[in-house]
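Step one of this worksheet: look at the structure below.
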Amino acid sequence: EEIYVKMLLMFGKCKLPDEATLLFEMMVVEDKIIPSLEAFTALLSAYMNSKRTRTAFELFAHMKELPVYQPDVYVYSLMIKGCCEGGLFDQASRLLVEMQDSGVEPNTVTYNTLIDAFGKVGMLSQMEELFTHILKTGTCKPDIWTWNIIIKHYGNRGNIEKMEEWFEMLQAAGIEPDQVTFNTLVNAYGRNGLFAKMKSVVVYMRKYLYNVDEVTFNSMIEAYGRGGMVEEMSRTFSAMKRGGVKFTAFTLCCLISTYSKHRMWDMVEKVRRQWQNSDLAPDVALYNSLIHAYRRAENFEAMEAAFVEMENKGLLPDEITYTILIEAYKSQQLEDKADQFLREMKALQAHRR
RNA sequence: UCCAGGAUUUCAUGGU
């Protein structure tokens with residue numbers, strides 16, 4: 001069963017909810033395994049990752065009717081996350097009450113989920129209040145994730161002073177920052193154009209033997225790209241490869257977007273060749289950036305070819321893909337084709353409910 | 001009894 005659970009999680013990561021459902025049924029029917037609560041949690045999480053919130057909640061309701069599958073703190077934390085992501089804060093707080101009523105105590109993960117949810121919608125004072133509340137009441141012990149979440153949200157909102165303040169408080173509390181903490185700082189400084197500080201964090205990381213990984217490099221590459229520092233971006237990409245850090249779809253997506261924004265078509269092709277020579281799994285966002293690059297270049301044959309290639313690789317276009325194509329065809333007065341893709345997009349959206 | 005397996009954080013693409 002552990003293998004099934006691992007595979008369910010894989011499907012969730014790859015956003016393949018239907019495959020997850022099939023696998024789960026296979027496990028029950030063919031291998032006659034009585035699924036554990038963990039298996040159900042894995043299935044729920046696959047649905048959540050694939051934004052099949054409704055399916056997840058149906059399963060959740062079903063589980064509650066079965067005495068052996070009474071949700072535990074894992075399941076409740078996951079469902080609370082689902083509510084928050086759908087903007088259903090009332091329902092989230094109802095679940096929080098419900099879990100306590102049924103004797104399941106929320107833990108650090110549950111509160112981290114809520115703290116992150118406040119941050120995501122910009123309710124930073126509520127975010128802080130919740131943090132001090134759990135600290136004061138001793139409801140649960142904040143962990144490094146809690147701090148990382150708060151640091152991230154101040155960084156994302158451009159409040160660098162607050163971010164640094166929280167980073168210092170973290171250290172003052174005697175907690176060791178981790179890889180994620182530093183990557184969060186690199187990302188925050190980068191997105192706010194503070195390139196010197198960004199670089200100094202990386203220097204610090206190297207000095208104290210934290211892993212400078214693909215997330216670190218991706219943040220820098222993205223930051224330079226956004227800031228129009230194309231040369232610096234290219235150099236960082238080279239440094240990444242020289243350092244033996246494997247680039248990801250994310251890396252190439254940043255590069256292609258920036259090069260195409262600066263109409264550097266030869267560089268787009270260069271990235272594309274490195275992509276072809278790599279063993280990266282097919283990726284929708286990466287194809288989207290390429291399709292958009294060809295649309296910018298008004299190279300519509302290449303755009304269509306990239307779209308066909310994407311479908312041949314078994315990838316389903318998403319709303320972004322369709323939007324790019326529809327805009328492209330509209331700009332060429334090809335209303336029929338634009339309409340056709342509009343219908344396909346609507347069909348996709350309908351299928352997902 | 002111990003161990004393992006499920007939940008939360010850092011990163012991209014269109015409309016902008």
Side-chain angles (χ1 to χ4, degrees), chain A residues 1-9 12 35-46 48-49 56 71-82 84-85 104 106-117 119-120 140 142-153 155-156 177-191 201 213-223 225-226 247-258 260-261 283-293 295-296 310 317-328 330 345:
Chain A
E1 192 195 9
E2 292 99 83
I3 296 165
Y4 274 111
V5 169
K6 284 223 165 75
M7 284 178 72
L8 287 170
L9 295 173
S36 62
L37 183 58
E38 287 88 337
F40 271 105
T41 314
L43 182 60
L44 279 173
S45 117
M48 261 351 183
N49 281 336
D72 63 2
V73 65
Y74 283 66
V75 175
Y76 271 115
S77 301
L78 183 61
M79 299 318 289
I80 286 174
K81 179 178 181 246
C84 291
E85 278 176 358
V104 180
N107 64 11
T108 306
V109 173
T110 321
Y111 283 107
N112 286 349
T113 307
L114 289 166
I115 287 174
D116 191 41
K120 278 192 179 134
C140 68
D143 60 7
I144 184 65
W145 288 50
T146 323
W147 293 87
N148 288 345
I149 289 166
I150 294 173
I151 289 170
K152 171 192 74 165
H153 286 300
N156 281 350
D178 66 4
Q179 186 101 12
V180 174
T181 319
F182 288 112
N183 280 340
T184 308
L185 292 179
V186 169
N187 186 261
Y189 286 133
R191 80 165 60 230
V201 175
D213 64 4
E214 70 277 4
V215 176
T216 326
F217 275 107
N218 286 345
S219 291
M220 289 193 281
I221 286 169
E222 191 205 348
R226 283 217 138 91
F247 57 76
T248 64
F250 191 104
T251 321
L252 304 189
C253 190
C254 291
L255 293 169
I256 289 179
S257 306
T258 299
S260 89
K261 195 174 285 171
D283 186 276
V284 177
L286 184 47
Y287 271 106
N288 286 349
S289 69
L290 186 68
I291 291 168
H292 186 232
R295 179 246 192 279
R296 267 188 177 134
M310 167 179 173
D318 63 8
E319 282 89 344
I320 296 179
T321 324
Y322 285 123
T323 310
I324 299 166
L325 292 171
I326 291 165
E327 291 304 314
K330 273 192 189 159
M345 182 167 78

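So you know, we letter chains A, B, ... as the sequences are listed, proteins then strands, and number each from 1.
Spacing between atom CG of A/Asp143 and atom C1' of B/rU9 amounts to 9 Å, rounded to whole angstrom units. Residue A/Ile151 contributes atom CD1, which lies 16 Å from atom P of B/rU9 at whole-angstrom precision. For A/Tyr74 and B/rG6, the OH to P distance is 8 Å, given to the nearest whole Å. Straight-line distance from the CZ atom of A/Arg295 to the P atom of B/rU13: 17 Å, rounded to whole Å. Between A/Asn49 atom CG and B/rU9 atom C1' the separation is 14 Å, expressed in whole Å. Distance A/Glu2 CD to B/rC3 P: 16 Å, rounded to the nearest Å. Residue A/Trp145 contributes atom CH2, which lies 9 Å from atom P of B/rA7 at whole-angstrom precision. For the pair A/Leu8 CG and B/rG6 C1', the computed distance is 10 Å after rounding to whole Å.
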Hey, what are the protein-to-nucleotides 14-16 of chain B N/O distances that come in under 3.5 Å?
from	atom 1	to	atom 2	distance (Å)
B/rG14	N2	A/Thr323	OG1	3.3

Note, RNA chain B 5' to 3' with Watson-Crick or G-U pairs under 3.5 Å encoded as ( ), [ ], | and . gives ................
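Side-chain N/O atoms of A/Asp116 and A/Thr113 include no donor and acceptor closer than 3.5 Å.
Within the 4.0 angstrom heavy-atom criterion, only backbone atoms of the sugar-phosphate kind lie near A/Val5; the bases stay farther away. Contacts of A/Ser77 with the nucleic acid, taken as non-hydrogen atoms under 4.0 Å apart, include base atoms. At the heavy-atom level, A/Thr113 lies under 4.0 Å from the strands shown only through sugar-phosphate atoms. Residue contacts shown for A/Leu9 are limited to sugar-phosphate atoms, with no base heavy atom under 4.0 Å away.
Residue A/Lys152 has no polar side-chain atom (N or O) positioned under 4.0 Å from OP1 or OP2 of B/rU9.
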